[in-house]
S.K.: 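A single structure is presented below for examination.
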2 protein chains.
Amino acid sequence: MTTTAPRRRASISDVARLARVSVGTVSNVLNRPDRVSPATRERVVAAIDELEFVPNGSARQLRAGTITTAGAIVLDVANPFFTDVARGIEDRLDEAGYTLMLASSDEEPEREARYLRLFEEHGVQGVMVVPATDELDHLESLRARGLRVVLLDRPSPSDTLSSVAVDDRAGAAAATQHLVGLGHERLAFLNGPHSIRQCADRSDGIRSALAAADMDPDEALVEVTIRSLNADGGQAGTQRVLALEDRPTAMVCVNDLTALGALRSLRIAGVPVPSGMAVVGYDDVAFAGELATPLTSVRQPTHQLGYRAADLLLDADDTVAHVTFQPELVVRESTTGVG
Amino acid sequence: MTTTAPRRRASISDVARLARVSVGTVSNVLNRPDRVSPATRERVVAAIDELEFVPNGSARQLRAGTITTAGAIVLDVANPFFTDVARGIEDRLDEAGYTLMLASSDEEPEREARYLRLFEEHGVQGVMVVPATDELDHLESLRARGLRVVLLDRPSPSDTLSSVAVDDRAGAAAATQHLVGLGHERLAFLNGPHSIRQCADRSDGIRSALAAADMDPDEALVEVTIRSLNADGGQAGTQRVLALEDRPTAMVCVNDLTALGALRSLRIAGVPVPSGMAVVGYDDVAFAGELATPLTSVRQPTHQLGYRAADLLLDADDTVAHVTFQPELVVRESTTGVG
DNA sequence: TTCGCGTGATGAACCGATTCACAGGGGACG
DNA sequence: CGTCCCCTGTGAATCGGTTCATCACGCGAA
């Protein structure tokens, strides 16, 4: 093994010296090869290969000003919803030859700010952000400083920031219509606190769908607020639903993990699904269709969400746009089965 | 809304002019505030605020040479295994004030190469890579050019590249020992092609564990190769297992999605789990414990994998190390239940 | 032979920061 | 009152590219 000691990275002038040309010529070989005669071009390329020359991006960016990088900040890269979104972003950027810098804010505004600052220092073209707070002033000023900003999974309240979001009201309404159509007259909704916008919107959606079906939301709906939006929360919430005297015949869960806990709780209690209780989830995660009782769920176009966000960011005219996607109800046995 | 037209980004000399000091002084305020008298420091800070000055990272990096960014390339950011790893990387980098540039290669060597090049141009300190190919020469030469390289989920074959991996043989062996200990004498292994290193290693692990238990692997083990490593593949493979004349009493699946398909197939065939067939998965994905029959699975320390990889990358001495993590068998009802 | 022109290469200015040798201005001390 | 030193602040060099005005050269036309 001959690991040569990490030598200093070769610069363009090293190449120029070795090829016996000026740095300007090397630069031309790199960027406008047609302006260089074949003979010298060959010499320069040979020198580049020999020195394993890789141009210094900082220097190039400093002088040329342009850069093909965009940043994205999501709440948590380990969350499948966001990774699908990230994947969509990456795919679109890739088409344009751009690269992505990805980071998680963990819903902490300071982390978000830190990454935004870092992205800005590195001169990214723009950022796509799932905002950690309601307050968007810092994003507005970023925008005013010339960066492109696209809000992710959050409709923009302003006409200066572009946004890409999914219509949470419509998703919840679709689930509700489906259940009402199946004859259910009393529903439970396992939901998180309304301080989370998505939770509030979904609650809204259910209520308006009920109203549209000539049902009184206050009578037909029991909303159970759960602490943690995961399987344990769903299990606990379901126990409370089962204890109600006028027990609902169907449940909507704020996400699939919650629904998973609900199914577990129902199994333990010996309640058959869907005949004893129909269940609808939200997100349509990968395993929703693979459960013992495949789960009816609201699918969000996550990949498209990211793809479109990147699309807006790359838009040549830098126009401000607001895109709202419609979610899609995926019907499976947890509402229509024979169990 | 008064969105001022995107003005040119303020530079350090703009700040200097406004504060009536030299650029050197502004730089000092930024980097060594104690060398500047409180009075001027205040003036400079005021100017910085007024101009919303954000230092140009390219210029800084060009001159100072240092950068606090690292790159990572995984096979697919939408895959939970890799996102957990990425999260571990991010957490460790965050502690050191570093930032991560994350990308997916989709197992395409050209994409991997493109991103590596881009990272190198941007002057990252190092890269963490899940290699898309067996061939590692390009990583060796990256290393020779002074970048730090850490292989992810792949033991390093060389003594110049650091690596962080999980012992796949041990994981498969642990699953096997568990089943043998429960009295199973004939096992099936739903596996992918041995061209995938993980698959080959896990097969090895099972065989050697059987041998260690004084059983003849060729007799006690039926290895079924499935096309796609997902639920459908698992379902199809399980049907083939059930059709065997000397039917095994336990199955090891190469990952949890495959096991999911196996469970579905068994349910359809009316085979109780685990009394009719015990099932073990691999990966211990989030929903493994939430299934109708909670799944016994081999958990890999994904987060630690990434965390440790970043740790090696940040190592002050730049030592080359090879870290191997031991997976852990998580026992649930799919092997020990009463079903 | 001279002039004009196109091709190909040159070299210096420039991007925006960091860094360092150095200058000016007190204050302490003899 | 003169020295020396410390404290601040200055300004120029520098990092590694890109870009552009300029120049050398060769060749065909006049």
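Lettering of chains follows the sequences in order, A, B, ..., and the numbering in each one begins at 1.
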S.K.: Quick one: closest heavy-atom pair of Y115(B) and T99(A), and the distance?
M.R.: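 Answer, listing the atom of Y115(B) first, then T99(A): CE2-CG2, 3.2 Å.
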S.K.: Rounding to an integer number of Å, can you tell me how far Q61(A) CD sits from dT18(D) P?
M.R.: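 Between P of dT18(D) and CD of Q61(A): 12 Å.
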S.K.: Would you indicate, yes or no, if dG9(D) has its OP1 or OP2 atom less than 4.0 angstrom from a side-chain nitrogen or oxygen of T40(B)?
M.R.: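 Yes, such a contact exists.
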S.K.: Say whether, by atom type as modelled, one donor and one acceptor occur between the side chain of R111(A) and the main chain of S104(A) under 3.5 angstrom.
M.R.: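 Yes; judged by distance alone, with no hydrogens or angles, the pair exists.
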S.K.: Quick one: I12(B) CD1 to dT19(C) C1', roughly how many Å, whole number?
M.R.: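 In whole Å, dT19(C) C1' and I12(B) CD1 are 12 Å from each other.
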S.K.: Could you pull out the closest heavy-atom pair between A132(B) and L75(B), with the gap in Å?
M.R.: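 Closest pair (atom of A132(B), atom of L75(B), distance): CA-CD2, 4.4 Å.
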S.K.: Would you please name every residue forming a salt bridge (Lys or Arg N to Asp or Glu O under 4.0 Å) with R35(B), sequence neighbours left out?
M.R.: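 Counting only residues at least two positions away or on another chain, R35(B) forms no salt bridge (Lys or Arg N to Asp or Glu O under 4.0 Å).
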S.K.: Whole angstroms only, please: what is the CZ-C1' distance between R9(A) and dG17(D)?
M.R.: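 Roughly 11 Å, once rounded to whole Å.
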S.K.: Would you indicate, yes or no, if dT18(C) has its OP1 or OP2 atom less than 4.0 angstrom from a side-chain nitrogen or oxygen of R32(B)?
M.R.: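 For R32(B), the contact criterion (side-chain N or O under 4.0 Å from OP1 or OP2 of dT18(C)) is not met.
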S.K.: CZ of R35(A) versus C1' of dC20(D): gap in Å, rounded?
M.R.: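 From R35(A) CZ to dC20(D) C1': 10 Å.
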S.K.: Show me the protein contacts with nucleotides 21-27 of chain D, counting only N or O atoms at under 3.5 Å.
M.R.:
none

S.K.: Salt bridge check: are R17(B) and D14(B) linked by an N-O gap of less than 4.0 Å?
M.R.: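 Counted as a salt bridge, because a side-chain N and a carboxylate O are separated by less than 4.0 Å.
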S.K.: Does R148(B) use its side chain to pair, donor to acceptor, with the backbone of Q125(B) at less than 3.5 Å?
M.R.: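 Checking the backbone N and O of Q125(B) against the side chain of R148(B), no donor-acceptor pair under 3.5 Å is found.
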S.K.: Given axes from five pairs at either end, by how many degrees does the helix from dT1(C)-dA30(D) to dG30(C)-dC1(D) bend, rounded to 10°?
M.R.: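 Result, rounded to 10 degrees: 60°.
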S.K.: Checking contacts here: which listed nucleotide (dA17(C), dA9(C), dT19(C)) is nearest the side-chain heavy atoms of F53(B)?
M.R.: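 The closest nucleotide is dA17(C).
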S.K.: Between C1' on dG6(C) and CG on D34(A), what's the gap in Å once rounded to a whole number?
M.R.: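 For the pair D34(A) CG and dG6(C) C1', the rounded distance is 15 Å.
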S.K.: Partners of D153(A) by salt bridge (Lys or Arg N to Asp or Glu O under 4.0 Å), sequence neighbours excluded?
M.R.: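 With sequence neighbours excluded, D153(A) shows a salt bridge (Lys or Arg N to Asp or Glu O under 4.0 Å) to no residue whatsoever.
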S.K.: Find the distance L30(B):CG to dA17(C):C1' and express it as a whole number of Å.
M.R.: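 L30(B) atom CG is separated from dA17(C) atom C1' by 9 Å.
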S.K.: Enumerate all atom pairs, one protein N or O and one N or O from nucleotides 10-15 of chain C, separated by less than 3.5 Å.
M.R.:
{"from": "dT10(C)", "atom 1": "OP2", "to": "S22(A)", "atom 2": "N", "distance (Å)": "2.7"}
{"from": "dT10(C)", "atom 1": "OP2", "to": "S22(A)", "atom 2": "OG", "distance (Å)": "3.2"}
{"from": "dT10(C)", "atom 1": "OP2", "to": "T25(A)", "atom 2": "OG1", "distance (Å)": "2.8"}
{"from": "dC14(C)", "atom 1": "O2", "to": "R63(A)", "atom 2": "NH1", "distance (Å)": "2.9"}
{"from": "dC15(C)", "atom 1": "O2", "to": "R63(A)", "atom 2": "N", "distance (Å)": "3.4"}

S.K.: Step by step, would you call R197(A) with D168(A) a salt bridge (charged side-chain N to carboxylate O under 4.0 Å, His left out)?
M.R.: CA-CA 9 Å; R197(A) 188 196 52 76; D168(A) 278 303; 3.6 Å; yes
S.K.: Residues two or more places apart in sequence or in another chain: which of them pass salt bridge (Lys or Arg N to Asp or Glu O under 4.0 Å) with E108(B)?
M.R.: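 Checked E108(B) against salt bridge (Lys or Arg N to Asp or Glu O under 4.0 Å); zero matches.
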S.K.: Output the rounded distance in Å from CZ (R17(B)) to P (dT10(D)).
M.R.: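 In whole Å, dT10(D) P lies 14 Å from R17(B) CZ.
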S.K.: Is there a donor-acceptor contact under 3.5 Å linking the side chains of R145(A) and S141(A)?
M.R.: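 On atom types as modelled, these side chains qualify, holding a pair under 3.5 Å.
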S.K.: I48(B) has an atom CD1; how far is it from atom C1' of dA17(C), in whole Å?
M.R.: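 I48(B) atom CD1 is separated from dA17(C) atom C1' by 13 Å.
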S.K.: Any side-chain N or O of S37(A) under 4.0 Å from OP1/OP2 of dA9(C)?
M.R.: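 Result: yes.
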S.K.: If you check the S11(B) side chain, which of dT18(C), dG9(D), dA17(C) turns out closest?
M.R.: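 The answer is dA17(C), which lies nearest to the side chain.
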S.K.: For a 4.5 angstrom cut-off between non-hydrogen side-chain atoms, does H322(A) reach P155(A)?
M.R.: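 Heavy-atom side-chain distance check fails, nothing below 4.5 Å.
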S.K.: One thing to verify: whether E121(B) and R117(B) come together as a salt bridge, which I'm taking to mean a side-chain N less than 4.0 angstrom from a carboxylate O.
M.R.: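 A salt bridge links R117(B) with E121(B).
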